[in-house]
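One structure below.
Start at 1 and go down the list; that is how both ligands and their atoms are numbered. Computed over heavy atoms, backbone and side chain alike; hydrogens, waters and symmetry mates excluded.
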Amino acid sequence: STSELYRDFDKSKVYMVDLESGLHYLLRVELATHKTLEGVELKTFKDFVTVVAKLFPGRQSVVKLLETLLEWLVSLPLEKIPYEAILDLANNKMRISGLHLTERVQWLGCQGSSVALRGYPCSLWTLFHVLTVQAASRPDALANTALEDDPLAVLQTMRQYIGMFFGCRECGKHFEEMAQESMSQVKSLDEAVLWLWRKHNQVNARLAGSMSEDPMFPKTQWPTPDLCPTCHEEQDGLHVWNEDMVLAFLKKHYSAANISPKYTS
Ligand code: FAD
């Protein structure tokens with residue numbers, strides 16, 4: 001139903017139901033517009049599945065689905081993969097036990113005051129913040145994959161995915177411009193966490209007051225002082241970020257321990 005009631009949520013939490021709804025949307029809706037994957041698209045999708053299968057701090061049933069998808073993609077010698085085959089796997093047509101991804105879109109931390117606002121793009125930002133934080137806290141997680149030992153692995157994967165598959169083409173163009181400008185300066189997993197935070201705030205600043213802003217969720221420079229007072233400082237009367245505090249806050253906010261299972265069923 002599209003007219004569900006607004007549900008109260010806590011802005012200091014991340015919600016698993018948003019992340020799982022986002023993965024459902026990505027695999028079953030967004031990807032469906034590409035009938036076959038080959039070449040750079042296939043490579044991008046493989047990297048995306050590698051990153052989420054290895055780093056997503058999700059429920060066992062979802063992680064198992066992602067791992068199965070990864071094993072299948074890696075073992076398959078095909079140069080072209082029909083989307084239908086990916087869909088069959090996402091829907092667990094093989095009936096492997098203990099493997100499942102919701103087919104329901106339900107937003108909680110990402111719910112909007114109308115169905116056209118927030119939702120999927122919000123969940124995608126959230127997912128990639130979670131993934132950069134996981135990569136920084138588990139530096140060996142991508143060992144023995146094509147993305148091993150690269151502090152840029154998650155950001156590059158996001159960049160490729162957004163550029164090639166994200167339904168908002170305009171967004172992809174903007175993100176690519178930001179990436180070209182400064183992504184190569186990122187030298188560590190911690191810097192990757194901060195880079196994504198900085199760029200997200202740049203997008204927030206650009207979009208403040210625009211059509212895509214939900215009046216109930218005004219674009220702000222995040223985290224706001226109520227969420228992280230020590231992140232904010234003043235120097236010569238001007239606002240400055242304390243980036244050490246911001247990094248510590250991001251690592252806590254987007255950690256597995258701060259992901260609430262509320263409304264996952
Ligand atoms: P979002 O910006 O989606 O943020 C989701 C949540 O992340 C927030 O509620 C907050 O809890 C947290 N958050 C906010 N800021 C930060 C931060 N700096 N660091 C860490 N966490 C934060 N829309 C356009 O109209 N034009 C564009 O060019 C455009 N480019 C985009 C590029 C990308 C890569 C993505 C994923 C989305 C883009 N969008 C763009 C969509 C837009 O950024 C928002 O996602 C959408 O408007 C929904 O906004 P929101 O209020 O849910 O908050």
Side-chain angles (χ1 to χ4, degrees), residues 6-7 9-19 21-23 25-26 30 44 48 105 107-134 136 154-183 190-228 231-232 239 241-243 245-255 258-260:
Y6 184 81
R7 291 183 176 80
F9 71 98
D10 178 351
K11 282 190 183 178
S12 69
K13 292 257 163 226
V14 172
Y15 291 95
M16 193 55 89
V17 72
D18 291 324
L19 295 168
S21 294
L23 282 174
Y25 188 92
L26 185 152
E30 192 156 73
T44 296
F48 175 79
V105 169
W107 309 115
L108 183 54
C110 283
Q111 71 193 306
S113 61
S114 90
V115 284
L117 295 168
R118 307 198 73 223
Y120 178 61
C122 168
S123 74
L124 208 54
W125 276 120
T126 309
L127 174 67
F128 280 105
H129 289 299
V130 165
L131 295 173
T132 54
V133 164
Q134 281 296 309
V154 174
L155 293 183
Q156 287 290 13
T157 300
M158 175 176 181
R159 173 187 189 171
Q160 302 298 330
Y161 185 85
I162 296 288
M164 240 167 267
F165 296 102
F166 192 36
C168 169
R169 310 307 302 152
E170 185 73 6
C171 304
K173 226 185 84 217
H174 283 135
F175 196 73
E176 180 54 32
E177 281 164 17
M178 295 195 299
Q180 270 177 25
E181 213 172 79
S182 60
M183 199 182 266
D190 280 352
E191 284 177 35
V193 173
L194 280 170
W195 187 89
L196 193 59
W197 160 76
R198 214 176 285 120
K199 295 301 137 185
H200 192 170
N201 269 343
Q202 211 167 302
V203 174
N204 293 343
R206 188 159 47 75
L207 295 179
S210 77
M211 292 275 293
S212 63
E213 180 175 65
D214 188 327
M216 269 182 64
F217 298 91
K219 306 281 182 213
T220 57
Q221 293 301 287
W222 191 96
T224 47
D226 59 315
L227 284 176
C228 181
C231 291
H232 300 263
H239 174 267
W241 292 103
N242 180 328
E243 293 202 348
M245 290 298 169
V246 171
L247 180 62
F249 176 80
L250 290 166
K251 284 184 164 180
K252 195 176 99 245
H253 183 80
Y254 287 109
S255 71
N258 199 43
I259 303 179
S260 163

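- Using cut-offs of 30° and 60° on the angle between ring planes, the pair Y120 and F166 is tilted.
- With a heavy-atom cut-off of 4.0 Å, L207 touches ligand 1 through its side chain alone.
- Of the protein's heavy atoms, K219 NZ, 3.5 Å lies nearest to atom 46 (C) of ligand 1.
- Close placement of the H200 and H129 rings is indicated, their centers lying within 6.0 Å of each other.
- Not a single heavy atom of H253 sits under 4.0 Å from any atom of ligand 1.
- Compare P121, P223, A179, C122 by their heavy atoms: the one nearest to atom 6 (C) of ligand 1 is in C122.
- Taking the centre of each ring, W125 and W222 stay at or above the 6.0 Å mark.
- On a distance-only criterion, T126 and ligand 1 share no N/O pair closer than 3.5 Å.
- Nearest residue to atom 1 (P) of ligand 1 from H200, R118, Q221, E177 is H200 (criterion: closest heavy atom).
- Around atom 11 (O) of ligand 1, the closest heavy atom drawn from W222, F217, F249, F175 belongs to W222.
- For ligand 1, the polar-atom distance check against N201 finds a nitrogen or oxygen pair separated by under 3.5 Å.
- Between Y15 and F9, the angle of the ring planes goes over 60°, which puts this pair in the perpendicular group of the 30/60° scheme.
- The option from Y120, F128, W107, W125 that lies nearest to atom 33 (C) of ligand 1, judged by heavy atoms, is W125.
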